[in-house]
Visitor: 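My questions all concern the structure below.
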Amino acid sequence: MSLTQALNAATAGLNVTQQALSVTAGNVANAQTPGYVRKSLEQQESAAGTSISVVTGAITRSLNALVQSQLQTQTSGASYATKLSQIYQQLQNVYGTPGSPSALDTLFNNFTSALQSLQSNPSSSTAQSNAINAAQVLTQQLNQASDGIQTLRESAEQGISTDVQAANNALKQIASINAQVTNTSSADAATTSLLDQRDQDVSQLAQLMDIKVVQGQNNQIYVYTSSGTQLVGAGQAAAQLAFNPQGAITASTLWNADPTKSGVGTITLTTPGGTPIDLIATGAIQSGEIGAYLQMRDSILPQAQTQLDQFAANMSQALSDVTTQGTAVSSAGQNGFSVDTAGMQPGNALQLAYTDSLNVKHTVSLVDVNNPSVLPLPSPSATNPNEQVIGINFSGGMASVVSQLNTALASAGLQFSNPSGTTLQAVNAVASTTTVNSLSATATMTSLTSGNSQLPLFVDGNAVYSGAINPTGPEQVGFAQRISVNPALLASPNGLVAFSAGTASGDPTRPTFLYRQLANGSSVFSPATGIGGTSSPFSGTLSSFLGQVMGQQGQAAANASNLQQGQQVVLNSLQQRMDTDSGVNIDTEMTKLLSLQNTYAANARVFSVVQQMYQTLLQM
């Protein structure tokens, strides 16, 4: 090898070593930088004639693509589980710890105990006031719990709005980097840095929503929702997400695929071609922080509100509703029952049971409706899948009621009539073998002194609660947020005892009824509460239902916490593997630095020796 060849080889060695030192130093400097992927410099042997030297190749990233893909998926799952657990814990604070002084179950038991004390001493003004105070504390807690649930829904709505903006920023950045690195060589240090930044943007997007990333050619990536909707494509602008928050949220403001009926915001994706896609309606977002917010806002929290509303409604009606059984009637082969409908309020119902000519038994609920715009009512009943529901407009008088019933049940072999006043009669048609088994009417008491034990202890604002069905929805929706103690009882607690003008001060009739209804009365609860199934709705006491609700919510919170912990374990494990495969190990890099320094020194020594040899030659 000539001196010139030796000098060229040493020069090439110094250049390669200097670049390798720069790459290694960059690894060390970014050891703690999130998302940084370890870099390495490829070295290639170069030969020109009899001269052999080394040249630099590409700067490569030590990236495990499979682990990275798994990490992105688990990032979405962990983010979803974490946010879900956080909101569940906040919901637990709304209900209170079971058995604690301010918990719903404790306050309900306090109210029941106060009525039991009143039953023992009806004439005691102190016992009367204690019962009213206990009822008032319970209703206030129901109001506050409902307010808390709607506040959590509003927070979720705001969280979605913030996350959509963050997702748009990440998508825009990913598309921008796609444009910058297309058709470029990964040998460039700036390019590998951009790829690291793009990975970070993808990771941020994965925290917000579940995505799928596909590696393309020329350093490009394609980003899709888990359902396959494209968010970022090669050489294209990113899709844009939009969210339209609707402001204040109440129990009746729910999401609906029909924008004209939706009371909360929806997420719309606009493709680069201008096509809008509703990501909520298509179920495109199932995980990530946005997925958790949607699940809470549109499903879990509304169901929690339904549970409170159902409890409040059943408690109110257990104390205020009177059911009158029909009287048997028979004339000229027509048999059936008649019942007085006086006092029925919108939302109250007639219960009809009959057996048809094929010996099939039917149960029909004939609901009092005073607004025809809500007809027809959904059927079957929400609380009984075997019960047919028919809405009847009572506002036009009994003649209209009879006409509506004869039309609605014409094929059932029944005949309805109004013998007198507000009496309704149902019998089998003359030529039919249909059998009327029973007919009863349920009416909500509006007066404290009706002569009945029932009374409107709880009201909806200042109106009696009867479960009316309005154009804006069932009265039950949001009732827990509005329920209060009857102002007449606040002014005169003696109404808990005096059921008529002549009731003796120590008469235990009404207090006994109230206590027994709360302690032992059984009612059916809608499957929409999540307690019981569609085919077998939960039936039991108010206390048992409330226990089921609080137990279910507590278990759901525990499950969410366990899910969050499990997801975090998986995420940490993948992150450790990612760090091992693609991260920077300081000890390894320092060893590499020492080796490169020695290599640099060796090449420098060649320079020194060649210089000495040239000097010797010149002196000769």
Side-chain angles (χ1 to χ4, degrees), residues 96 101-148 308-309 311-322 343 345 347 443-468 475-476 478-519 521 542-543 546:
S102 60
L104 280 172
D105 60 341
T106 301
L107 298 181
F108 177 74
N109 290 335
N110 291 345
F111 178 40
T112 304
S113 297
L115 288 176
Q116 187 177 29
S117 297
L118 179 62
Q119 176 191 9
S120 301
N121 192 5
S123 61
S124 169
S125 59
T126 299
Q128 294 169 8
S129 296
N130 288 343
I132 292 297
N133 290 337
Q136 197 165 25
V137 171
L138 175 60
T139 58
Q140 289 171 350
Q141 184 60 24
L142 283 169
N143 299 158
Q144 292 173 12
S146 298
D147 290 341
L308 295 184
D309 291 341
F311 173 77
N314 282 28
M315 179 174 66
S316 178
Q317 291 178 314
L319 306 182
S320 66
D321 287 4
V322 177
Q345 305 293 317
T444 298
M445 292 297 99
T446 59
S447 169
L448 299 180
T449 55
S450 64
N452 296 289
S453 296
Q454 291 82 356
L455 82 165
L457 197 155
F458 299 106
V459 293
D460 186 352
N462 291 320
V464 170
Y465 177 82
S466 61
E475 184 183 7
Q476 180 179 305
F479 178 50
Q481 210 166 5
R482 306 183 306 268
I483 187 174
S484 62
V485 175
N486 193 325
L489 288 172
L490 294 176
S492 179
N494 184 55
L496 290 177
V497 177
F499 58 88
S500 65
T503 304
S505 61
D507 191 329
T509 302
R510 176 170 278 178
T512 298
F513 167 78
L514 297 177
Y515 168 69
R516 288 178 177 174
Q517 283 295 95
L518 290 188
L542 289 164
S543 179
L546 191 56

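Along the sequence shown, residues are numbered consecutively beginning with 1.
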Visitor: Any idea which heavy atoms bring Ile132 and Pro493 closest together, and the distance?
Guide: CG1-CB, 3.9 Å
Visitor: For the pair Gln517 (side chain) and Ala318 (backbone), establish whether a donor and an acceptor sit closer than 3.5 Å, ignoring hydrogens and angles.
Guide: yes
Visitor: Does the side chain of Ser129 come under 3.5 Å of the side chain of Thr126 through a donor N or O and an acceptor N or O?
Guide: no
Visitor: Please determine whether side chain to side chain contact (heavy atoms under 4.5 Å, CB included) holds for the pair Thr449 and Thr503, giving the CA-CA distance in whole Å, both sets of side-chain angles, and the decisive distance to 0.1 Å.
Guide: CA-CA 9 Å; Thr449 55; Thr503 304; over 6 Å; no
Visitor: With sequence neighbours excluded, tell me which residues meet side chain to side chain contact (heavy atoms under 4.5 Å, CB included) with Pro487.
Guide: Val459, Asn462
Visitor: Rounded to the nearest 0.5 Å, what separation is found between the CG atom of Leu308 and the CD atom of Gln481?
Guide: 10.0 Å
Visitor: Testing the basics here: between Ala131 and Ala114, what is the closest heavy-atom pair and its distance to 0.1 Å?
Guide: CA-CB, 3.7 Å
Visitor: Write down the atom of Pro101, the atom of Leu107, and the distance for their closest heavy-atom approach.
Guide: O-CD2, 3.5 Å
Visitor: Testing the basics here: between Ala443 and Gly343, what is the closest heavy-atom pair and its distance to 0.1 Å?
Guide: CB-O, 3.6 Å
Visitor: Rounded to the nearest 0.5 Å, what separates atom CG in Asn133 from atom CD in Gln128?
Guide: 11.5 Å
Visitor: Would you say Leu455 and Asn486 make side-chain contact, with heavy atoms under 4.5 Å?
Guide: no
Visitor: Give the table of side-chain donor-acceptor pairs shorter than 3.5 Å for residues 135-142, with sequence neighbours excluded, one pair per line with atom names and distance.
Guide:
residue	atom	partner	partner atom	Å
Thr139	OG1	Ala135	O	3.4
Thr139	OG1	Gln136	O	2.8

Visitor: How would you list all residue pairs meeting salt bridge (Lys or Arg N to Asp or Glu O under 4.0 Å) that involve residues 443-461, not counting sequence neighbours?
Guide: Asp460-Arg482
Visitor: Hey, does Ile483 have a side-chain heavy atom less than 4.5 Å from the side chain of Met315?
Guide: yes
Visitor: Among all residues two or more places apart in sequence or in another chain, which pass the ring-ring contact (aromatic ring centres under 6.0 Å, His included) test with Phe111?
Guide: Phe458
Visitor: My understanding is that only residues two or more places apart in sequence, or in another chain, count here; which of them pass side chain to side chain contact (heavy atoms under 4.5 Å, CB included) with Ser117?
Guide: none
Visitor: Using the test side chain to side chain donor-acceptor pair (under 3.5 Å), find all partners of Asp321 that sit at least two apart in sequence or belong to another chain.
Guide: Thr444
Visitor: Of the non-hydrogen atoms in Pro456 and Ser447, which two are nearest, and what is the gap between them?
Guide: CD-O, 3.6 Å
Visitor: Tell me, which pairs form a side chain to side chain donor-acceptor pair (under 3.5 Å) where one or both residues lie in residues 105-114, sequence neighbours left out?
Guide: none
Visitor: Measuring from Ser500:OG to Leu448:CG, what's the distance to the nearest 0.5 Å?
Guide: 12.0 Å
Visitor: Can you measure from CG (Leu546) to CG (Leu104) and round to the nearest 0.5 angstrom?
Guide: 6.0 Å
Visitor: For a 4.5 angstrom cut-off between non-hydrogen side-chain atoms, does Thr446 reach Gln345?
Guide: yes
Visitor: Rounded at 0.5 Å granularity, tell me how far OG1 in Thr512 sits from CD in Gln116.
Guide: 10.0 Å
Visitor: Looking at every heavy atom in both Gly478 and Asp309, which two are closest together, and how far apart are they?
Guide: N-OD2, 2.7 Å
Visitor: Does Ser450 have any side chain to side chain donor-acceptor pair (under 3.5 Å) partners at least two apart in sequence or in another chain, and if so, which?
Guide: Asn452
Visitor: Sequence neighbours excluded, which residues qualify as side chain to side chain donor-acceptor pair (under 3.5 Å) partners of Tyr465?
Guide: none
Visitor: Can you sort out the partners of Gln317 under side chain to side chain donor-acceptor pair (under 3.5 Å), two or more places apart, ordered by chain and number?
Guide: none
Visitor: Would you please name every residue forming a ring-ring contact (aromatic ring centres under 6.0 Å, His included) with Phe311, sequence neighbours left out?
Guide: Phe108
Visitor: Sequence neighbours excluded, which residues qualify as side chain to side chain contact (heavy atoms under 4.5 Å, CB included) partners of Ser123?
Guide: Asn121, Ser505
Visitor: Between OG of Ser320 and CG of Leu457, what distance do you get to the nearest 0.5 Å?
Guide: 9.0 Å
